[in-house]
Amino acid sequence: MGRRPARCYRQIKNKPYPKSRYCRGVPDAKIRIYDVGMKKKGVDEFPFCVHLVSWEKENVSSEALEAARIACNKYMAKYAGKDAFHLRVRVHPFHVLRINKMLSCAGADRLQTGMRGAFGKPQGTCARVAIGQVLLSVRCKDSNNHHAQEALRRAKFKFPGRQKIIVSRKWGFTKFSRTDYLKYKSENRIVPDGVNAKLLGCHGPLADREPGRAFLHSATA
């Protein structure tokens, strides 16, 4: 018996049902890699960021997430170059889907119990997605912004429901807007932290401060 189509599990009906010591024998999610491309590139390398945002409350299967990741990665690697972007899958399939297997062989009617004991066995996993939740994010250079948007448009076809492509006002994957990031950088108040950045505030021991950064104004000012 093959995999059921995702339309059977698209609607969010019940409580989350994660893998646990009570829910055993769950098959591995189809998606195993959530960051592709140049994930080690610093925060200053890729200022442009674009998101694929879900416009529906639904379940998204791990197979759909993997298919979207592959489609987006292939397009970006071909047209922008494999070292010119960083793609991140922002949702994880923790919700376990169940199936109540029915026998379809000869004489099955003697063995079948119908709706008695109909709580199914684990069949696959999916991510529970809300309206406005980000599914995929791509950061790259400003010159590749059209490629990134086209890659996410192609990834949209792998998902059920409606999605929107939204160009972020933030700098890369950070929480700072582009104007704020450049302002803090010119004031020497921001420290790169991998793909993210830390804003230096006015708290903490003075002994830990670097020379020239001992007295900073409040970060909210």
Side-chain angles (χ1 to χ4, degrees), residues 3-41 43 46 48-77 82 85-99 119-140 148-149 151-168 170-175 193-197:
R3 195 181 141 265
R4 271 188 191 166
R7 65 172 174 267
C8 304
Y9 299 104
R10 184 173 154 189
Q11 198 176 352
I12 295 181
K13 289 182 181 175
N14 306 318
K15 294 175 183 175
Y17 185 57
K19 182 179 174 181
S20 66
R21 59 186 171 166
Y22 312 110
C23 170
R24 298 178 300 276
V26 178
D28 285 338
K30 207 69 167 180
I31 181 165
R32 308 300 293 168
I33 301 166
Y34 293 86
D35 280 272
V36 288
M38 299 303 287
K39 55 192 178 190
K40 297 254 176 96
K41 281 270 186 177
V43 67
F46 295 143
F48 180 80
C49 181
V50 61
H51 304 298
L52 183 65
V53 178
S54 171
W55 228 241
E56 236 168 271
K57 185 184 177 191
E58 61 183 353
N59 287 326
V60 175
S61 68
S62 62
E63 288 86 356
L65 289 170
E66 174 69 356
R69 181 189 71 82
I70 290 170
C72 189
N73 184 35
K74 264 193 183 156
Y75 186 88
M76 285 300 287
K82 64 179 189 289
F85 71 99
H86 175 196
L87 162 67
R88 179 173 280 174
V89 180
R90 299 281 296 276
V91 291
H92 289 242
F94 290 131
H95 181 68
V96 177
L97 303 172
R98 299 188 299 264
I99 183 168
F119 194 89
K121 297 278 184 286
Q123 191 213 10
T125 55
C126 71
R128 291 159 66 94
V129 171
I131 295 171
Q133 189 171 348
V134 179
L135 299 173
L136 304 175
S137 295
V138 178
R139 67 183 183 117
C140 60
Q149 289 176 58
L152 289 184
R153 191 191 70 83
R154 292 180 176 223
K156 269 195 343 183
F157 295 116
K158 309 298 178 188
F159 291 122
R162 294 173 62 212
Q163 292 82 32
K164 292 200 175 182
I165 295 165
I166 294 178
V167 176
S168 174
K170 307 276 193 258
W171 181 284
F173 288 166
T174 67
K175 62 181 181 181
D193 183 31
V195 302
N196 224 306

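Residue numbers run from 1 in the order of the sequence given.
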N/O donor-acceptor pairs under 3.5 Å from side chains in residues 11-25, not counting sequence neighbours:
residue : atom : partner : partner atom : Å
S20     : OG   : Y22     : N            : 3.2
S20     : OG   : C23     : N            : 3.2
R24     : NH1  : R21     : O            : 2.6

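Figure legend: R139 and F173 shown as a cation-pi pair, the cationic atom lying under 6.0 angstrom from the six-membered ring centre and within 45 degrees of its axis.
The shortest distance between side-chain heavy atoms of K41 and H86 does not fall below 4.5 Å. Here the side chains of L87 and L136 are in contact, with some heavy-atom distance below 4.5 Å. Put simply, the side chain of C72 reaches to within 4.5 Å of the side chain of L152, judged on heavy atoms. Residues V195 and V43 have side chains not in contact (no heavy-atom distance under 4.5 Å, counting atoms from C-beta outward). Within the 4.5 Å cutoff, side-chain heavy atoms of S61 are placed close to those of R3. When side chains are defined from C-beta on, F159 does not count as touching V129, because their heavy atoms never get closer than 4.5 Å.
For the atom pair L65 CG and I33 CD1, the distance stands at 13.5 Å (nearest 0.5 Å). If you take SG on C126 and NE2 on H95, they are separated by 4.5 Å, rounding to the nearest 0.5 Å. Within the model, atoms SG of C49 and CD1 of I166 stand 11.0 Å from one another, a figure rounded to the nearest 0.5 Å. Rounding to the nearest 0.5 Å places NZ of K170 at 8.5 Å from NE2 of H51. If you take CD on Q149 and SG on C140, they are separated by 9.0 Å, rounding to the nearest 0.5 Å. For the atom pair OG (S168) and CZ (F48), the distance works out to 8.5 Å, reported to the nearest 0.5 Å.
When every heavy atom of A151 is checked against every heavy atom of M76, the shortest pair comes out as CB-CG, 3.7 Å. Of all the heavy atoms in Q123 and P27, the pair that sits closest is O-CG, 3.4 Å. Taking each heavy atom of K158 and A71 in turn, the nearest pair found is CE-CB, 3.9 Å. Residues T174 and N196 approach most closely at CA-OD1, 3.6 Å, considering heavy atoms.
The backbone N or O of V91 lies less than 3.5 Å from no partner atom in the side chain of Y34, so there is not a single donor-acceptor pair.
Within the structure, the side-chain hydrogen bond (donor to acceptor under 3.5 Å, both in side chains) test picks out the following pairs touching residues 67-76 (sequence neighbours left out): E66-R69.
For the pair K30 and E63, the salt-bridge criterion is not met [side-chain N within less than 4.0 Å of a carboxylate O].
Residue R162 qualifies as open at atom CZ: its count of foreign heavy atoms under 6.0 Å is 12 or below.
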